[in-house]
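Structure record follows, encoded as structure tokens.
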Amino acid sequence: MTEPIVELRGVTKRYGKHVALDDFSLVVQRGEFITLLGPSGSGKTTILRLVAGFEQPQAGQVLIQGQDAAGLPPYVRDVNTVFQHFALFPHLDVFHNVAFGLDQMKLTRDEIRHRVKAILDLVELPGKEDRYPSQLSGGEKQRVALARALVLEPSVLLLDEPLGSLDEKLRKQMQVELKRLHERLKITFIFVTHDQEEALVMSDRVAVLNRGRLEQVGTGEEIYERPRTRFVAEFMGVENFFEVTLAAPAAEGCRCETRNGLTLWAAEGNGAPAGATATLAVRPEALRLSLAPLNPAAPNLLAGEVVEVIYEGGSRRWVIALSGGGRIVARDANSPGGGAGPIGTGQNVYVCWDPGRSLIFTD
Ligand code: ADP
Ligand code: MG
């Protein structure tokens, strides 16, 4: 059973003349891990600030547990925030940083001690109660910030790029830990990041934002495999785009003509009518690369010359200048039987891909 816990309905938020959120709607379900993903300035923090009650919208509604939150001050909302710059109190030790929010509640010293200890165990910081923030590593500070928000037992935890200032290795480790923490606590996490990989790793659902608007919301797999707009596709790593005109739908799929005379195929036209202009896109990792055509009659078979090879560690990227003009990028694409050894710069090659991997956008 799903049950909305936070809902934004047609929310518009302006700062002066600048529209930070434009008629924005999103329903967050109780207990889910949802990520707001978008480039800098797309409105992610603004959403968290509206939910937390630090800002009020000019239009639309924010509902928390089905109740209109307009006029509710932050401290009565069943919501807590972990900020990117975790802003611990430097003059307080870990215990008092975490206990800070509890001091406002009418708890005995023993109850406070007990709750702080339990939450420090949960974030795997036992025995660090007496340390000061200056004596902690970046990862430990982040755990204290988490503990400080969790100790109040909110129904919803808002996390604004909480891993942004950690180095790569620690960030990956904290991603896994946060996900585990979410699974154990079963509270709702609204997590913000501009990193698509982080969003995919962590979330039940991802909401992609662009200039204060919701582009698409869905599971990581839906967003990655079936982006609905060109913006989402680009943000999720699709690199090859062709401007095309669609031919009439046919049994063998959707035929597309580029301006310089290439015929490309997609499995289906995403609802676009014949004659429509659209963008056909394909991921670098969907391309197969070979020195001779694997099947000369295959659809989406293009000839070209490798102009650049980039070694990325586990994979390679090939930039190919197509014979018909334009470039295409392939990744991890060395086909079996494509030739001995990796294909290098200057070689004449063929790329091809399955029409089922073509994406069609009309936006
Ligand atoms: P994100 O978190 O996705 O980077 P924000 O929600 O912080 O984006 O900001 C969205 C837009 O609103 C940005 O263009 C930003 O410059 C603007 N903005 C945010 N806060 C303010 C503010 N207090 N005053 C003026 N403009 C703001
Ligand atoms: Mg932000």
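Counting starts at 1 for both ligands and their atoms, in listed order. Starting from 1, each residue takes its place in the sequence as its number. Heavy atoms only: backbone and side chains are in, while hydrogens, waters and symmetry mates are out.
- At the top of the distance list for atom 6 (O) of ligand 1, counting protein heavy atoms only, stands T46 OG1, 2.5 Å.
- Within the 4.0 angstrom cut-off, atom 16 (O) of ligand 1 has no protein heavy-atom neighbours.
- For R317 and E239, the salt-bridge test passes: some basic side-chain N is under 4.0 Å from an acidic carboxylate O.
- Atom numbering of ligand 1 starts at 1 in the shown order; those under 4.0 Å from a heavy atom of S42 are 1 (P), 3 (O), 8 (O).
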task: Check the pair E198, T193 against side chain to side chain donor-acceptor pair (under 3.5 Å), reporting the backbone distance first and the verdict last.
output: CA-CA 7 Å; E198 186 161 280; T193 183; 3.1 Å; yes
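- In terms of protein heavy-atom proximity, atom 27 (C) of ligand 1 is nearest to Y15 CD1, 3.2 Å.
- In this structure, G38 falls outside the shell of residues with a heavy atom less than 4.0 angstrom from ligand 1.
- With rounding to the nearest 0.5 angstrom, the CZ atom of R205 is 15.5 Å from the CD atom of E221.
- Exactly one residue among R14, R213, R211, K13 makes a salt bridge (Lys or Arg N to Asp or Glu O under 4.0 Å) with D22. That residue is R213.
- For the Mg ion (ligand 2), the set of nearby N, O or S atoms under 2.8 Å includes one belonging to T45.
- Nearest non-hydrogen protein atom to atom 14 (O) of ligand 1 is H18 NE2, 2.9 Å.
- The closest approach between a heavy atom of P39 and any atom of ligand 1 is below 4.0 Å.
- From L21, atom CG reaches atom CG of L8 across 7.5 Å, with rounding to the nearest 0.5 Å.
- Not one N or O of A20 is nearer than 3.5 Å to an N or O of ligand 1, by distance alone.
- Nearest to atom 8 (O) of ligand 1 among the protein's heavy atoms is G43 N, 3.2 Å.
- The protein atom (non-hydrogen) at minimum distance from atom 7 (O) of ligand 1 is T45 CB, 3.6 Å.
- With a 4.0 Å heavy-atom cut-off, ligand 1 is reached by no atom of R49.
- Note on R255 versus E257: salt bridge recorded, some NZ/NE/NH1/NH2 to OD/OE distance being below 4.0 Å.
- The closest donor-acceptor contact from the side chain of Y311 to the backbone of G313 lies under 3.5 Å.
- Atoms CG and OG1, on L48 and T81 in that order, are 7.0 Å from each other to the nearest 0.5 Å.
- For atom 4 (O) of ligand 1, the closest non-hydrogen atom on the protein side is G41 N, 2.6 Å.
- A salt bridge between R331 and E312 is present, with a side-chain N of the basic residue lying under 4.0 Å from a carboxylate O of the acidic one.
- By the 3.5 Å distance cut-off applied to N or O atoms, E55 is not counted among the residues near ligand 1.
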